[in-house]
Structure formats: structure tokens, C-alpha cells
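Each chain gets a letter, A, B and so on, in the order the sequences are listed, and its residues count up from 1.
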Amino acid sequence: MSEQIQDENKLIAQRREKLTQIRERGVAFPNDFRRNVVAGELHAEYGEKSQEELESLGVRVRVAGRMMSRRVMGKASFSHLQDMSGKIQLFVQRDSLPEGFYNEIYKKEWDVGDIIGAEGQLFKTKTGELSIRCDELKLLTKSLRPLPEKFHGLTDQEQRYRQRYLDLIMSESSRDTFRVRTQMIQFIRNYLNKKDFMEVETPMMQAIPGGATARPFMTHHNALDMQLFLRVAPELYLKRLVVGGFERVYEINRNFRNEGLSTRHNPEFTMLEFYQAYADYRDLMDLTEEMLRGLAQEIQGSTTINYQGESYDFGQPFVRMTVKESILHFNPEISEAQLEDLELARALADSLGIPLKPTYGLGKVQIEIFEKTAEHRLMNPTFITAYPTEVSPLARRSDEDPFVTDRFEFFVGGREIANGFSELNDAEDQAERFRMQVEEKEAGDDEAMHFDADYVRALEHGLPPTAGEGIGIDRLVMLFTDSPSIRDVLLFPHMRAE
RNA sequence: GGGCCGUUAGCUCAGUCGGUAGAGCAGUGGAUUUUUAAUCCAUUGGUCGAAGGUUCGAAUCCUUCACGGCCCA
């Protein structure tokens, strides 16, 4: 990439001049300072100690981090140093430092935002704040750009997303969001590992994009001169592994869908998919319920999740009802008969203002009605089951009613969080459903699936009875961090070019 | 894709009816040895998102565009 003409201003020019002076005196970017403790450990270990206790202990510490503030009181100053664990106050006195250092270096050459190392003795100020009385200070990295205003921080959403590093420097709550994200994923990994699931990695570049109905990103492999797609789901590969005998597998990784952006959609997003042989969709509902309840307890210390002014109870047994039941439940004016006849259902959809394509069968029309009239009302954790076969090309048909599949989706706060089902392991049925998808693709539905002959061949070797599920990690993190936009839980959300 | 809102100093924001561009923080100079949004005095800093238009005169009114936010599809 060519060097961009950066925005320069007087503040940056001043700092560059300071850096020039620092360079002239020696190593400007030293990497020989080693801290022996971080701020959070100091507060944990000494935060409750009195000044007298600290004085008698005589604790010397070495810390390093970013100087977030500086209050010069004359011959003494206070600074806050921020590291990965928190902040610690530095008490900087002219007479505790080498001749000239305080006036010429600390006050003149250093700026808020610089990365520094500090050594000194722990004490408490008269207001009771744990601090370090510094007798050694070292500039480790000169910062050339000023930080946002200290009180309001960075509030401009665009800048927070585009320059996440600034957001992270300035916002404890943003740092927390991403720490929680990591903890959640950690919890999920531990949970699945304990149940003998094996974490695997399957291709992100696929010759045939499968496992979901979504528009893929396309790319090209030069050496092989072949078209490749970024995966929209890992599903078909994970089930190949179950055929191979890895009877419990999972993957937490990125999927890519070439669709619009919104507060709930980013072109790349993180999905947990897991597959368990000799289990059905009911087992996975039980597992999901247990896992999410445990996750809430672990992350929030409570099974109640507060999200955007609403609260959702993960402690009670999750509601379970079928697609049809949920439509009827939320819409007393709709009769069951209207949902069971294609013409009546179409008329109902029309009256609801739902645009329908002529190719839609009854199942697809039902789902459109469900999405319009019921989905957004599913506030507390709810499993919706019995999805029509027409919209579930990879799911096993119900033994009682082949019109629907042994499938569920999971909703909280009116949003879909997870999708799971007993897997279709009848190779001939799968081949037939792929053929249907291909017909839809040829009829113009560019989200319809391709025919994956190798996947059918794998099924012909025998996929044990299996259930599988996908959980949208980003949406789950939004819920647990009270974040209104998916961009708030992605470190680097997709943005248009500046 | 549609609707609404936003874009002014490094950051957070004012800017009245169209009449010379403002504050706080940060910066710079000074005072200050326990402050914590430190305080006090002085002071630098602007292509008002971009381009066009209306007007004697545009940050302000109009048009188009860019980027962002929210809502809808």
C-alpha cells in the first residue's frame, strides 16, 4: 500500500519535534524495560492496606503502560498509568528524580498517551488512592497523536469502529465487551470439551458453498485456476467428519455471507457449529438450554439477562412450541386452517403485506408468516420446532409428519440465536433435496444450494443418526453485553472505505 | 434499496433571523509538593464533510455526492 498523506496538525508536529529530541539523545524506542507487576494485581493485593502498613512493607514495584492523565502541581505531579489490567496512579516528585528530569523530560517531552515505565514504592495518598512514588521513569514509546478528550472519551461511533484501538484505549466498557466475548467463547469451548466434543477446523474456502441458504463471496485460486467460495457454513464438512467417526465435533469460526449490513449483520461473523452422533434435536435443545443457562450464570453471575431495557430469564425452562403453534399463539385471529392450505395461507400472507414468489410452497409461506407475525415477539428464551421440510433442506423429516422436520430454532429478544436439527442421513433423500435446491437456483434463487455430490457420497457411506446445531456467537455476545449493534461486539466491523 | 437524523479546532460540543467562527478539554507559556474532569492567569489552533447553486453576503437556504447513525425493506 502506498503511503497515505496523513492528517497532520500542530499537536502532532509538536510531538514529532519532541521525538526528534529524544532520538538525538539515544534509543528512542527502548525494549529493555521489564515490569514485575500489573495495576490490577497491585489493587488486588494492596488496595485494602493502609498507608502505615504499606510504609512498613516497603513494596517496590515496576509497572509499564500508557500515561492516561497528568496533573502537574508544581514540584509534584500525578499521572495515571493504564495497562491491560487497569490503572495505577503515579506520584512524580521533582526531588525524587535525577536532576533536570522532572522539568525538562517529564514535563516538557512527555505527553498524555505516551507509553512509559515506572519504578518506585507503593503508598497511599491522603485521599486513600494506591499510588507509586516514582524514583525511576522511562519513556518506552512516544505517542505522536493526541488522545480524545479525557472526560467524554471517544463518542463518535464511526471513529470508534474505524479506529478501534482508540476506542479500546479510551473506553473501559468497550474493553469489557471484548473481554466478555472471549470469556463466553472460552466457556463454550470448555463446556463442549467436557462433553467429549472435539474442536476441528474445516475449509473456509470451498469449491461448493454449502450448509446454508445464503449468497457466498467468490474468489479465485490462481494456481489451480478454479473458482472458490468463502464458506457460508461449515456444516457439510463437519458432518463428513461424523461419517469419518469423529462422533462429536465442533468448530467456532468465521462464516461469510455476501449480504447487506445492519445492526445484526456483518459480512463475516462467528458461528459455533457442533454435531453429536446418536442424538436428536431434542437432545440438542436440552444441551443448548443447559449451556446457555450455565453461560449466563458464569458470565453475569445470574440467569437474568438485561438487554436494552428488557430482561430475559434464562433460569426458567425454555418455552418450546412449534412454528404453527407460535403463529396461532401470537395471532388469535389466524385459524389453523389458514395455515394448512396453500391458497388460504397465500391469501393470509397477502393480507399481511408479505411479498411472495410464485414458487413458494405452503412451508415457505408459513415461515414467511411466522417471521412476520411471531418471531419478533419471542422475548424470553424460546425454542420453535417443526420447521417445514421445504425450508430445511438438510434436516431429517419428522416420523410423524413428513411435511416438517425434526428441527428447532432458538430465539431470545425476538432474535434468532441458534438453529439445530436432527440431521438428514438418508443419502437418497438428501440427493433429492439437493436436486430441488438446484431447480430453485435455476429458477433464479441465487441463495439456493448447490448439489454437493461428494457430500451425498459421504452420506452413502453412512452418517450415523446425528443432530447438529449452529449458534450465532456475535448475537449471543450482543445479548450478554447489552450491545445494540453487532458492530459493538466485533473488534473490526466491516465499514465502507473512508 | 427507501425514510429520518448527523458531519464545525486533535476530542466533546455551541453557533439565534443569512451579516467578521465560539466554548470546554487537550496543546503552548507562567503559578502551584497529595491531585484525581485539579485549580488560577495568559495564549495558539478552523478548507465549518465535498462539489455546485441562490444571495451584496452562506457553517446557516437549495441541489447533488461521500461517510456515519437509527428505522424500514
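For the pair A/D474 and A/V477, the minimum side-chain heavy-atom distance is 4.5 Å or more. The side-chain heavy atoms of A/I471 and A/E273, taken from C-beta on, include no pair separated by under 4.5 Å.
Ring geometry for A/F314 versus A/F410: interplanar angle over 60°, hence perpendicular rather than tilted (30 to 60°). Taking the six-membered ring where the residue is Trp, A/F434 and A/F451 present tilted rings, their angle falling between 30° and 60°.
A side-chain donor from one of A/S392 and A/R407 sits under 3.5 Å from a side-chain acceptor of the other.
In this structure, the CZ atom of A/R162 is 6 Å from the C1' atom of B/C67, given to the nearest Å. Here the P atom of nucleotide B/A9 and the CD1 atom of A/I12 are 14 Å apart, to the nearest Å. We find that NE2 of A/H152 is positioned 9 Å from P of B/U12, with the value rounded to whole Å. Between the CG atom of A/L11 and the C1' atom of B/U28 there is a distance of 10 Å, given to the nearest Å. In this structure, the CZ atom of A/R487 is 11 Å from the C1' atom of B/C67, given to the nearest Å.
One finds a side-chain N or O of A/R496 lying less than 4.0 angstrom from the OP1 or OP2 phosphate oxygen of B/G68.
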Quick test: give all pairs of protein nitrogen or oxygen and nucleotides 42-44 of chain B nitrogen or oxygen below 3.5 Å, distance rounded to 0.1 Å.
residue: B/U44; atom: O2'; partner: A/K10; partner atom: NZ; Å: 2.4

